Undergrad: 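Provided herewith is a single structure, encoded as structure tokens, for subsequent inquiry.
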Amino acid sequence: MDPCQGLRLVLPPGPLDRDRPARRGQGPGRPGDHLHRRRRAEAGRAHQPAALRRPHAGQLHLPGHDAAARRRRPHRHPRRRRADPARPAGRVRHRGPRLADQLGERRRHRLHRGRRPMTTPASPVRTRFCPSPTGMVHVGLLRTALFNWAHARHTGGAFVFRIEDTDAARDSEESYRHLLDCLRWLGLDWDEGPEVGGPHGPYRQSERAEVYRDVAAKLVEAGHAYESFSTNEEVEARRLAAGQDPKLGYDNADRFLTDAQKAAFRAEGRDPVLRLRMPDEDLVWTDLVRGEVRFAAGSVPDFVLVRGNGAPLYPFVNPVDDALMGITDVLRGEDLLPSTPRQLALYAALTDVGVASGTPRFGHLPYVTGEGSKKLSKRDPQSNVDVYRERGFLPEGFANYLALLGWSIAEDRDVFSMAEMVEAFDVTRVSANPARFDVKKAEAINATHVRELPVEEFVARVVPFLAGAGLVADPPSPEQDRVLRTIAPLAQERTVVLSDAVGLLGFLFTEEVAIDPAAAAKNLRPEDGEVLDAAAGALRDLADWSAAGIEQALKSALVDGLGRKPRQAFGPVRVAVSGRTVSPPLYESIELLGRERTLARLAAARDTARDTSRDTSRGTAG
RNA sequence: GCCCCCAUCGUCUAGUGGUCCAGGACGUCGCCCUUUCAAGGCGGUAGCACGGGUUCGAACCCCGUUGGGGGCACCA
């Protein structure tokens with residue numbers, strides 16, 4: 001299996017090409033455009049302005065194996081233009097040029113290097129998500145999962161889920177379960193991984209120990225890895241002695257130890273670590289989101305693959321598993337960017353010993369930040385996905401917001417479904433800027449999704465929250481169900497997160513309502529007593545107990561009878577009945593509540609209004 | 001200290017040399033609608049970090065400065 005070799009440098013626009021109208025509801029379609037443009041792109045390649053023919057991001061950079069990668073391309077071009085049906089065909093970007101063109105073009109366009117368009121690789125894309133189960137699920141982590149998933153789904157590739165549980169001290173079965181649960185909650189499914197299986201298992205690193213042992217042995221045998229006996233103290237001392245900054249790290253001093261030297265160290269009782277010999281070339285790759293990134297030769301020291309006690313480390317096992325699992329595209333957090341040179345070097349070595357068959361593409365996703373501009377800390381409660389689940393964010397609403405953290409579907413739209421995301425998602429259009437997690441915006445996006453829910457669906461989703469608060473049974477009783485279905489359409493548009501329903505609808509499912517003190521202070525003042533009395537009078541013997549009948553009775557009693565403005569007339573009644581200033585529409589609420597409970601609440605509110613009076617006079621006197 | 005990444009309204013973004021006195025969304029402010037609160041509708045506020053270059057033309061390409069962030073483990 002060769003995940004990467006098949007990546008071609010030139011691809012005609014294919015079925016997965018993004019050069020098609022991806023937006024919906026964007027005015028009249030232009031059915032001919034796609035074909036038309038495609039024809040132009042193919043036939044007109046030679047006539048394209050040279051600047052539009054840019055190399056793409058799909059080639060593999062194997063350090064030392066790719067002459068093009070070593071060529072210095074000191075400039076960068078930002079990002080590619082999105083294909084837009086409305087644009088003149090001549091501006092439409094197609095896939096990359098042929099290799100010959102590409103090299104020639106690089107010479108001609110040294111001023112335009114940088115992020116290149118994603119190719120649709122000849123071999124299917126395989127992405128992965130590989131968290132370690134060490135605690136709560138971070139919103140940034142889930143965003144990474146979402147982007148990997150969307151990239152795989154968009155390209156028709158596979159999404160692999162692997163658990164990196166090599167740190168027994170921090171990993172727990174509980175957080176492992178929780179991780180799976182969160183992915184499923186968000187609607188992400190994986191083609192290979194835990195509980196699903198697949199041809200490259202096991203998918204938990206804790207079960208792959210012998211794999212790493214074998215690979216490590218191969219690397220040593222081929223001379224890519226070597227035993228290193230230096231202690232940190234010794235390294236530091238050598239750096240200091242040489243007048244260098246000890247922060248430079250390991251000095252590669254053990255690269256050429258003789259067998260006799262090694263034996264002497266062992267005789268001292270030292271256990272060597274295994275280090276990878278870093279190459280002498282610059283380490284360069286074309287990042288899917290950032291364009292070319294280069295680390296100078298010699299700037300990254302030989303790093304540890306396997307501990308002295310034989311335990312393999314993350315920088316080793318991660319690429320090994322990626323290679324073995326045929327991963328072609330690695331989308332991960334920006335925090336991993338500085339470790340990419342090491343991975344590149346490892347990949348070259350793994351390829352040399354036949355474990356890997358090429359280097360994957362890398363894309364480093366921007367940080368998700370919190371208040372200020374610091375990376376959202378794991379300690380920050382805002383970063384915990386559970387908080388949003390518990391508040392009743394819809395998975396589709398939350399996923400929508402997560403997608404907006406670094407990506408946008410169109411310039412005039414930011415509410416979309418997962419299916420629409422999959423259709424439109426393009427990694428190379430992910431922003432490189434850090435994105436602030438904005439709860440307000442997340443809520444606004446979620447509220448839109450809530451409103452778009454079919455009513456029955458809204459009811460179904462809200463029931464667990466109501467039941468959790470002890471308001472209804474789960475499943476609701478027939479009577480509760482009737483009330484719920486009736487009020488749902490009116491409550492839905494007032495719901496931002498599902499847990500809002502508890503406060504909004506609670507009054508319908510209890511005998512006595514607790515009145516919000518702030519609402520009482522505002523709408524149950526002494527002078528509001530007359531309203532409550534009049535309302536009770538109007539409703540006590542009302543023959544037509546319907547929303548319309550109630551409306552008529554209240555209007556004539558309060559507005560006409562007392563001469564109050566609607567606002568002054570209905571506010572107190574609303575608070576009396578629902579306990580809050582925000583509730584579903586009043587007449588419907590009263591109808592559902594029934595005569596008995598309504599009259600009881602009006603009477604109770606009457607007392608509250610008197611109390612308010614006493615409080616007020618006391619306050620004034622004091 | 002060394003290395004790397006980033007730089008458009010308060011926030012997230014669109015923008016890839018002329019179609020931009022910069023578009024959308026969230027927030028915010030005002031108005032309308034209205035039975036409170038929402039929702040909805042309409043309108044307003046607010047931004048290309050700075051300095052050089054390249055070019056007939058720069059938010060966009062290049063260099064530098066400044067600012068912000070991250071990484072420098074026998075953690076993942």
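All figures in this text were calculated on a predicted structure; none of them were measured in a lab. The chains referred to below are lettered A, B, ... by the order of the sequence lines, with proteins before strands, and numbering in each begins at 1.
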Undergrad: If we call it a pair only when both distances are under 3.5 Å in a Watson-Crick or G-U wobble match, what pairs with B:G17?
TA: none
Undergrad: Considering every strand and a 4.0 Å limit on heavy-atom distances, what is the contact class for A:Leu336: base, sugar-phosphate, or nothing?
TA: base
Undergrad: Scan every strand shown for a Watson-Crick or G-U wobble partner of B:U11, both distances under 3.5 Å, and answer none if you come up empty.
TA: B:A25
Undergrad: Do A:Phe316 and A:Phe303 make the cut of ring centroids closer than 6.0 angstrom?
TA: no
Undergrad: Can you check whether A:Arg307 has a side-chain N or O nearer than 4.0 Å to OP1 or OP2 of B:C75?
TA: yes
Undergrad: Nearest-Å distance, CD (A:Glu411) to P (B:C12)?
TA: 19 Å
Undergrad: Answer yes or no: side-chain N or O of A:Arg567 and base N or O of B:U34 forming a donor-acceptor pair under 3.5 Å.
TA: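 No pair found.
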Undergrad: Just how far, in rounded Å, is C1' of B:U34 from CD of A:Glu493?
TA: 12 Å
Undergrad: A:Asp516 CG to B:C37 C1': how many Å, rounded?
TA: 12 Å
Undergrad: Sticking with atom P, work out how far B:C48 lies from B:U55, rounded to a whole angstrom.
TA: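 Comparing P positions in B:C48 and B:U55 gives a spacing of 27 Å.
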Undergrad: Base, sugar-phosphate, or nothing: which does A:Gly308 touch, judged by heavy atoms less than 4.0 Å apart?
TA: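 Result for A:Gly308 = base.
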Undergrad: Please measure how far the P atom in B:G27 lies from the corresponding atom in B:G40, and state the result in whole Å.
TA: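 Rounded to whole Å, the distance is 9 Å.
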Undergrad: Can you see which heavy atom on A:Arg266 is nearest to which on A:Phe229, and at what distance?
TA: CG-CE2, 4.1 Å
Undergrad: Nearest to the A:Asp438 side chain among B:C74, B:U35, B:C26, which nucleotide is it?
TA: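 Output: B:C26.
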Undergrad: Any idea which of B:C74, B:C6, B:C4 is nearest the A:Arg275 side chain?
TA: B:C74
Undergrad: Write down the distance separating the C1' atoms in B:C20 and B:A59, rounded off to the nearest Å.
TA: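 9 Å, rounded to whole Å.
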Undergrad: Pick base, sugar-phosphate or nothing for A:Ser373, based on heavy-atom distances below 4.0 Å to the nucleic acid.
TA: sugar-phosphate
Undergrad: Could you measure between the two C1' atoms, the one in B:A14 and the one in B:G53, and give it in whole Å?
TA: 27 Å
Undergrad: In whole angstroms, how far is the P atom of B:G24 from the CG atom of A:Asp414?
TA: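 Distance check: A:Asp414 CG to B:G24 P gives 12 Å.
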Undergrad: What nucleic acid atoms does A:Leu586 come within less than 4.0 Å of, heavy atoms only: base, sugar-phosphate, or nothing?
TA: base
Undergrad: Which heavy-atom pair separates A:Ser339 from A:Arg332 by the least distance, and what is that distance?
TA: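 So the minimum-distance heavy-atom pair works out to OG-NH2, 3.8 Å.
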Undergrad: For the side chain of A:Tyr314, starting at C-beta, report the closest nucleotide among B:G27, B:G70, B:A76.
TA: B:A76
Undergrad: The side chain of A:Arg436 is closest to which nucleotide in this list: B:C74, B:C12, B:C6?
TA: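 Nearest to the side-chain atoms of A:Arg436, counting from C-beta on, is B:C12.
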Undergrad: Considering only B:C74, B:C6, B:A14, which nucleotide approaches the side chain of A:Arg290 most closely?
TA: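 Of the options given, the side chain of A:Arg290 lies nearest B:C6.
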Undergrad: Send over the distance from A:Tyr250 OH to B:C72 P, rounded to a whole Å.
TA: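 It is 19 Å, rounded to the nearest whole Å.
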Undergrad: Between atom CG in A:Leu337 and atom P in B:A76, what is the gap in whole Å?
TA: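 Nearest whole value for this atom pair: 20 Å.
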Undergrad: Heavy atoms only: give me the nearest A:Leu558-A:Val531 pair and the separation to one decimal.
TA: CD2-O, 3.6 Å
Undergrad: Mind checking if A:Lys440 touches a base, just sugar-phosphate, or nothing, with heavy atoms under 4.0 Å?
TA: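 Sugar-phosphate: the residue A:Lys440, judged by heavy atoms under 4.0 Å, touches backbone atoms but no base.
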Undergrad: Using Watson-Crick or G-U wobble geometry with both distances below 3.5 Å, tell me the partner of B:C50, or none.
TA: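 WC or wobble partner is B:G64.
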Undergrad: What nucleic acid atoms does A:Arg580 come within less than 4.0 Å of, heavy atoms only: base, sugar-phosphate, or nothing?
TA: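 Nothing: the residue A:Arg580, judged by heavy atoms under 4.0 Å, touches no strand.
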Undergrad: Both distances under 3.5 Å, Watson-Crick or G-U wobble: report the partner of B:C31, or none.
TA: B:G41
Undergrad: Measure from the side-chain N and O atoms of A:Arg239 to the backbone N and O of A:Tyr250, and report whether any donor-acceptor pair falls under 3.5 Å.
TA: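 Yes: the side chain of A:Arg239 pairs with the backbone of A:Tyr250.
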Undergrad: Base, sugar-phosphate, or nothing: which does A:Phe303 touch, judged by heavy atoms less than 4.0 Å apart?
TA: nothing
Undergrad: If you check the A:Arg170 side chain, which of B:A76, B:C74, B:G1 turns out closest?
TA: B:A76
Undergrad: At under 4.0 Å between heavy atoms, what does A:Thr166 touch on the DNA or RNA strands: base, sugar-phosphate, or nothing?
TA: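 A:Thr166: backbone/sugar contact only, no base atoms under 4.0 Å.
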Undergrad: Rounded to the Å, how far apart are A:Asn232 CG and B:C72 C1'?
TA: 13 Å
Undergrad: Select one nucleotide: of B:G27, B:C74, B:C6, the one nearest the side-chain heavy atoms of A:Val273.
TA: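 Nucleotide nearest to A:Val273's side chain: B:C74.
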Undergrad: Heavy atoms only, 4.0 Å cut-off, all strands: where does A:Val304 land among base, sugar-phosphate and nothing?
TA: sugar-phosphate
Undergrad: Tell me whether the side-chain N/O atoms of A:Lys375 come closer than 4.0 Å to OP1 or OP2 in B:G71.
TA: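 Affirmative; the distance criterion is met.
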Undergrad: A:Pro338 or A:Val496: which one's nearest nucleotide on RNA chain B is closer to the 5' end?
TA: A:Val496
Undergrad: When the C1' atoms of B:C50 and B:G71 are compared, how many Å lie between them, rounded to an integer?
TA: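 So the two C1' atoms sit 27 Å from each other.
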Undergrad: Distance between the P atoms of B:A46 and B:G24, in whole angstroms?
TA: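 That atom pair is separated by 14 Å.
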Undergrad: When you measure from the side chain of A:Lys441, which nucleotide among B:C12, B:U11, B:G70 comes out closest?
TA: B:C12
Undergrad: Look up atom CG in A:Leu376 and atom NZ in A:Lys374, then write down how far apart they are to the nearest 0.5 Å.
TA: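 So the gap between those two atoms works out to 12.5 Å.
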Undergrad: In whole Å, what separates the C1' atom of B:U8 from that of B:G1?
TA: 33 Å
Undergrad: Pick the closest RNA chain B nucleotide for A:Ala442 and for A:Pro584 by heavy atoms, then say which residue is nearer the 5' end.
TA: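 The answer here is A:Ala442.
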Undergrad: A:Asp321 has an atom CG; how far is it from atom C1' of B:A76, in whole Å?
TA: 13 Å
Undergrad: Can you figure out which of B:A76, B:G71, B:U35 approaches the side chain of A:Glu164 most closely?
TA: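 Shortest atom-to-atom distance from the side chain points to B:A76.
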Undergrad: Would you classify A:Arg494 as touching base, sugar-phosphate or nothing, given that sugar-phosphate means primed atoms plus P, OP1 and OP2, and contacts are heavy atoms under 4.0 Å?
TA: base
Undergrad: For a 4.5 angstrom cut-off between non-hydrogen side-chain atoms, does A:Val439 reach A:Tyr388?
TA: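 Yes, side chains in contact.
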Undergrad: Whom does B:G1 pair with, Watson-Crick or G-U wobble, provided both distances fall under 3.5 Å?
TA: B:C72
Undergrad: Rounded to whole angstrom, note down the C1' distance from B:A58 over to B:U54.
TA: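 After rounding to an integer number of Å, I get 10 Å for this pair.
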Undergrad: Do the two ring centres, one from A:Trp407 and one from A:Phe425, sit under 6.0 Å apart?
TA: yes
Undergrad: Taking the six-membered ring for Trp, are A:Trp285 and A:Phe295 parallel (under 30°), tilted (30 to 60°) or perpendicular (over 60°)?
TA: parallel
Undergrad: Between A:Asn433 and B:A7, is there a contact of a side-chain N or O with OP1 or OP2 at under 4.0 Å?
TA: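 True: A:Asn433 side-chain N/O within range (under 4.0 Å) of B:A7 OP1/OP2.
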Undergrad: Is it true that A:Arg290 and A:His364 share a donor-acceptor pair across their side chains at a distance under 3.5 Å?
TA: no
Undergrad: Side chain of A:Phe295 only, heavy atoms from C-beta on: which candidate in B:A7, B:C4, B:C74 is closest?
TA: B:C4
